[in-house]
Amino acid sequence: MWNWFYKLASPPYVYRLAAVLAPWLLGGAALCIGYGLVDGLVFAPPDYQQGDAFRIIYVHAPSAWLSLSAYTLMAVAGGIGLIWRIKIGHAVAAAAAPIGASFTVLALLTGSLWGRPMWGTYWAWDPRLTSELILLFLYVGVMSLRSAFEDPGRGDRAAALLAIVGVINVPIIHYSVQWWNSLHQGATVAKFARPSMPGSMLWPLLSMLLGFMLFFGGVLCLRLRGEVLNRERQSSWVREVVRAS
Amino acid sequence: MNVGAWQVLSLMLRREMCLYFRRPDQLLQPLVFFLIVTALFPLGLSPQLSLLRDMAPAVLWVAALLSALLSLEGLFKGDAEDGTLEQLALCGQPLGLIVAAKTLSHWLVSGAALVIMSPLVAVALGIPREAFPAMLLSLGLGTLTLSWLGAIGAGLTVGLRRGSVLLSLIVLPLAMPLLIFGAGATDRAISGASAAGPLYFLAALCVLTSTLAPFAATAALRITLE
Amino acid sequence: MNVGAWQVLSLMLRREMCLYFRRPDQLLQPLVFFLIVTALFPLGLSPQLSLLRDMAPAVLWVAALLSALLSLEGLFKGDAEDGTLEQLALCGQPLGLIVAAKTLSHWLVSGAALVIMSPLVAVALGIPREAFPAMLLSLGLGTLTLSWLGAIGAGLTVGLRRGSVLLSLIVLPLAMPLLIFGAGATDRAISGASAAGPLYFLAALCVLTSTLAPFAATAALRITLE
Amino acid sequence: MNSGAALSLDQVHVWRGDRHVLRGVSLQLRAGELLQISGPNGTGKTTLLRVMCGLLRPEQGRVSWCGEAITEIREQYQALLAYASHEPALKGDLTALENLRFSVGLKRRVSAGDLTAALACTGVEACADLPARVLSAGQRRRVAMARVLAMRARVWLLDEPFTNLDAAGAELITRLLREHVERGGLGAVVAHHALDGLRRLELQA
Amino acid sequence: MNSGAALSLDQVHVWRGDRHVLRGVSLQLRAGELLQISGPNGTGKTTLLRVMCGLLRPEQGRVSWCGEAITEIREQYQALLAYASHEPALKGDLTALENLRFSVGLKRRVSAGDLTAALACTGVEACADLPARVLSAGQRRRVAMARVLAMRARVWLLDEPFTNLDAAGAELITRLLREHVERGGLGAVVAHHALDGLRRLELQA
Ligand code: HEM
Ligand SMILES: Nc1ncnc2c1ncn2[C@@H]1O[C@H](COP(=O)(O)OP(=O)(O)OP(=O)(O)O)[C@@H](O)[C@H]1O
Ligand SMILES: Nc1ncnc2c1ncn2[C@@H]1O[C@H](COP(=O)(O)OP(=O)(O)OP(=O)(O)O)[C@@H](O)[C@H]1O
Ligand SMILES: [Mg+2]
Ligand SMILES: [Mg+2]
């Protein structure tokens with residue numbers, strides 16, 4: 001069982017696996033996002049209160065969700081690297097951080113663009129918004145901590161530790177709308193029993209979400225290949241790869 | 001004749017206290033900073049002094065956070081620079097004890113001292129006497145939590161070239177809930193409402209970090225020391 | 001081949017800039033601090049955000065003063081600790097030139113950078129666009145004055161054990177007029193009144209300190225170096 | 001692997017930046033054996049000493065004490081250890097005696113008398129109550145050596161202990177090293193001049 | 001007073017705390033004369049050197065250069081001076097070459113070639129572009145010596161320049177000292193071992 005695990009986590013294997021997965025993931029992402037955009041922006045009916053402004057949701061909600069899941073993934077991968085000293089964990093964490101940070105920026109930007117028509121302001125110091133901003137700080141902190149070390153091994157472990165400590169922020173962001181009275185929308189989609197959203201709006205949203213997830217996976221694979229190559233540049237298999245290309 | 005955990009703790013506490021009292025500036029720095037920040041605000045606000053009382057909780061808490069944060073930078077730095085941190089790491093005692101002793105002494109000279117001095121500042125800012133218990137309690141819990149969080153940050157950044165900025169970048173996001181609940185508790189107490197909600201939350205945060213942070217800070221220091 | 005005054009100035013400026021850019025934390029520290037202080041306030045104020053705009057000038061100016069003050073502590077300290085200050089003192093060039101070059105570079109990386117970044121903060125604090133010119137001008141004059149004042153303080157306290165507290169104690173009373181007139185100018189500009197009065201006063205202070213402070217700072221450094 | 005060896009290094013490799021500083025160092029130390037490490041400046045003597053005391057984890061290779069990797073038994077191993085680095089590692093604000101009390105006290109219970117005796121042994125009892133900040137370079141070095149003595153450690157790892165010392169001081173250190181060996185202690189000393197009766201490891205540039 | 005002397009100290013007294021460290025030191029140095037200062041640890045060698053370069057003003061007595069008190073002609077005198085203290089006085093964040101450029105550049109106009117030549121002369125040209133922080137103790141000391149060389153100063157005041165150096169390094173310093181004397185330079189060197197051909201001032205404990 002452990003042997004199997006170690007083989008799965010060995011850099012050359014991951015390098016090849018990522019190459020196989022990336023095109024499938026990215027292809028799926030293109031399909032889902034394509035359908036979601038067309039259906040969501042063109043065919044879905046305008047909201048009875050918000051008019052067309054609500055369509056920002058098709059970018060905003062998926063990127064906000066992914067900003068949270070990417071952070072969790074980064075922390076878990078870093079934890080695996082820290083505790084079991086499995087190098088690929090750190091590589092995954094390092095590859096995921098900038099993608100997650102970009103999703104966070106996207107969520108903040110789309111959110112504040114949406115805030116202008118909705119709340120009459122781009123920014124308010126509201127719990128959800130503030131905690132999402134903190135998430136961005138955490139991403140930046142993790143990335144700069146990693147790069148501040150001259151020795152990459154120590155940088156990886158330090159960044160992993162910080163990522164784990166910061167995970168506490170994820171549930172805070174998620175539940176902030178329930179714990180404090182907030183300007184921000186409560187859960188709209190996740191109420192599976194009775195989503196408070198008509199299907200014609202919901203399906204494109206779900207498709208966008210799936211598409212964003214696939215996109216994240218695909219980009220992660222691509223970045224992971226780069227990370228692994230860079231980290232293993234001393235080893236023999238990388239030299240073979242380079243020679244072969 | 002082995003040295004037990006309590007001896008290690010008490011020896012380290014005495015060492016730290018001795019060092020703080022030998023360098024009165026390290027001891028006074030957080031307090032003076034706290035006083036100065038709270039004194040500057042009324043000056044900057046001079047035309048609209050009526051605002052002062054409404055913003056008092058924010059001023060008080062921001063000043064407390066900043067002054068604790070600034071002194072946190074030196075938690076391991078002095079020892080790292082003169083080589084004594086290496087000696088401590090090689091002393092054959094669990095590093096966790098040493099980290100805990102250093103953090104607690106830091107809190108005693110920054111956090112606890114600040115709590116003791118805060119009534120003075122509170123009077124100057126026009127915070128009514130009835131709000132003092134909630135304010136003192138929230139400051140005490142908040143600064144202790146911050147010292148623990150800061151120990152993690154200081155452990156992660158000791159010896160780094162970008163140390164101090166990184167420390168703020170790491171600690172402040174984690175400390176924002178403290179500010180929100182701390183200022184919230186004080187504010188509610190001032191306006192006569194019950195501050196129990198935010199205080200419970202602060203207490204929970206404090207217990208949580210006091211149990212987990214020593215391990216995280218030790219792990220952090222080990223990573224950077226290696 | 002003697003080295004002229006201009007060469008000394010430019011060499012020292014290049015040295016300082018090189019050092020600041022090698023240690024991005026020293027460079028970013030004042031800016032990050034400035035941003036953080038201004039971001040913490042709204043959080044602490046969360047229940048009464050309507051107050052934010054009224055206290056914006058005070059927040060802006062207190063943050064600017066504190067961030068400049070904190071970085072002033074290191075003006076001569078790093079050089080004193082690694083022995084390079086002795087080498088500078090022995091270089092056979094007028095010490096005044098060296099002090100001036102160090103102070104100017106300090107202002108460039110703290111004061112000037114802060115002025116450039118202040119519009120961002122001003123927007124977040126809700127300061128209207130029309131008030132920007134007065135705000136920028138007042139911040140520029142104020143931080144330059146503060147750098148000069150700080151150089152005197154840093155010169156007097158380098159090498160002292162109670163250095164940093166003394167520095168704050170020496171500099172802040174001198175800096176209070178800056179705060180009052182600076183925040184006053186910004187506040188008037190926000191409310192649409194003419195800010196010329198406080199601005200003239202700030203300009204006068206700036207000219208005064210820029211001519212006298214280099215001599216005072218050099219004398220101060222000589223006293224502590226000997 | 002020699003099973004009688006107390007401290008042994010096995011094919012230790014260390015990189016600093018892109019310099020391959022230690023290139024497969026192996027060595028064994030038994031009780032009563034003190035090794036002199038020498039070699040040109042910048043060849044990795046300090047690096048080797050830091051590997052030996054566990055402050056630096058080598059990229060490859062293994063450091064073991066009585067057969068167990070020192071990372072496994074870190075605290076037990078380090079309790080036996082006295083390391084003196086390039087710097088004297090004194091707190092300038094504490095007096096010489098306090099410096100000793102707080103660092104030796106973590107290793108073993110120790111009385112003020114013991115510490116004063118150690119200071120006297122290295123010839124700085126007159127400085128016991130001066131803050132380390134005002135001591136001269138040689139006096140600081142002597143206080144650091146007194147710390148090593150007072151720790152009563154089995155393993156001594158000393159980085160250029162002769163630095164800044166006058167002739168009498170150098171003799172003193174030589175005598176202390178000899179006595180340490182006679183007590184059955186072991187360890188390593190970095191020094192540029194040849195030391196009598198010590199096995200020597202010469203690092204190459 | 002000897003009028004031929006370039007640098008002369010006259011009955012210099014210095015107290016540190018309540019220690020009377022220098023008790024009436026008088027000495028004269030002529031062109032081409034290098035003085036060795038030695039004596040047990042803590043007897044005031046470093047203090048004496050700092051008095052000679054004007055960093056410390058003696059409580060009593062007078063230090064003069066060509067008959068004028070050095071406090072009167074501070075800048076002219078210090079322009080002729082190269083002082084190397086116990087610490088290498090390098091900025092850890094600057095490379096060795098930059099360290100030299102910024103400190104030597106204040107004394108005289110100097111080309112990068114000159115500086116690299118000085119580094120090569122002390123055997124650390126390979127470290128020219130490494131930040132001083134990562135250099136080994138001996139390498140740092142060699143960079144400090146390269147600074148003294150590149151300054152082309154007439155007066156050398158060196159505090160234990162042999163510290164941390166390997167055997168080759170020690171020989172190099174001896175050679176540099178001889179060449180400095182031959183060029184007509186003067187100065188003082190603190191060292192614990194006897195140096196050939198140098199007049200010696202022995203401070204008493
Ligand atoms: C800068 C401003 C904003 C930020 C930082 C922000 C942040 C977030 C975050 C982090 C989530 C994911 C929450 C989770 O998964 O638990 C989210 C979801 C969402 N946001 Fe925003 N938001 C902003 C503005 C807005 C605005 C103006 C609206 C519209 C009124 C809005 C509507 C939504 C909706 C409908 C969801 C999906 C809710 C769900 O089903 O969980 N957001 N936002
Ligand atoms: N980041 C880095 N990049 C390149 N080289 C480095 C780096 N860090 C350290 N080095 C080199 O590694 C070596 C470290 O050697 P170490 O300090 O162990 O030398 P040493 O043998 O103790 O020398 P000394 O006798 O001078 O004390 C030096 O040559 C140094 O220049
Ligand atoms: N504040 C003080 N109180 C008492 N003694 C002091 C004080 N400051 C310095 N000293 C003493 O003055 C002397 C300074 O000597 P200095 O540093 O010049 O010695 P040195 O000859 O260079 O010694 P070394 O060979 O160790 O470098 C030391 O003995 C030191 O203990
Ligand atoms: Mg060394
Ligand atoms: Mg000396």
Side-chain angles (χ1 to χ4, degrees), chain D residues 15-19 21 37-50 85-88 96 122-127 129-131 133-143 145 159-173 190-194 202-205, chain E residues 15-19 21 37-50 85-88 96 122-127 129-131 133-143 145 159-173 190-194 202-205:
Chain D
W15 278 260
R16 305 259 86 185
D18 20 72
R19 264 200 63 166
V21 180
I37 304 174
S38 56
N41 290 135
T43 44
K45 303 179 292 298
T46 300
T47 310
L48 181 57
L49 227 52
R50 291 171 61 87
S85 64
H86 266 302
E87 289 135 54
T122 56
V124 277
E125 72 277 43
C127 308
D129 294 322
L130 286 180
R133 183 172 21 91
V134 308
L135 297 183
S136 82
Q139 286 167 337
R140 253 175 268 169
R141 189 66 53 174
R142 282 161 183 262
V143 175
M145 196 60 208
D159 205 348
E160 306 202 25
F162 297 93
T163 312
N164 297 130
L165 293 185
D166 54 22
E171 252 168 57
L172 174 78
I173 301 285
V190 176
H192 289 296
H193 65 282
E202 184 88 27
L203 294 182
Q204 302 301 326
Chain E
W15 279 260
R16 306 259 86 186
D18 24 71
R19 264 201 63 167
V21 181
I37 303 174
S38 56
N41 290 134
T43 43
K45 302 180 292 299
T46 300
T47 311
L48 181 56
L49 228 53
R50 290 172 61 88
S85 64
H86 266 303
E87 288 134 57
T122 55
V124 277
E125 72 276 44
C127 306
D129 294 322
L130 286 180
R133 179 171 26 88
V134 309
L135 297 184
S136 82
Q139 287 167 338
R140 254 176 266 170
R141 189 65 54 175
R142 283 162 182 260
V143 175
M145 196 60 209
D159 204 347
E160 306 202 26
F162 297 92
T163 312
N164 297 129
L165 293 185
D166 54 21
E171 253 169 55
L172 173 78
I173 301 284
V190 175
H192 289 296
H193 65 282
E202 184 85 28
L203 295 181
Q204 301 302 326

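The structure presented is a predicted model; accordingly, all values stated were derived computationally and were not measured. Lettering follows sequence order; numbering is per chain, from 1.
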Any side-chain heavy atom of D/Val134 within less than 4.5 Å of one from E/Arg16?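 A side-chain contact under 4.5 Å is absent here.
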Tell me, for E/Leu165 versus chain D, whether the close heavy atoms (under 4.5 Å) come from the side chain, the backbone, both or neither. both
Checking E/Arg19 against chain D: side chain, backbone, both or neither under 4.5 Å from a heavy atom? side chain
Between the side chain of D/Asn164 and the main-chain N/O of E/Thr163, is any donor-acceptor distance below 3.5 Å?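 No, D/Asn164 side chain to E/Thr163 backbone: no donor-acceptor pair under 3.5 Å.
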When you measure from the side chain of E/Asn41 to the backbone N and O of D/Gln139, does any donor-acceptor pair fall under 3.5 Å? no
Winner by heavy-atom pair count (cut-off under 4.5 Å) against chain E, out of D/Ala170, D/Gly138, D/Gly44: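 It is D/Gly138.
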Nearest 0.5 angstrom please: D/His86 NE2 to E/Arg140 CZ, how far?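 Here the interatomic distance stands at 8.0 Å.
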Less than 4.5 Å to any heavy atom of chain E: does that hold for the side chain of D/Arg141, its backbone, both, or neither?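 Neither part.
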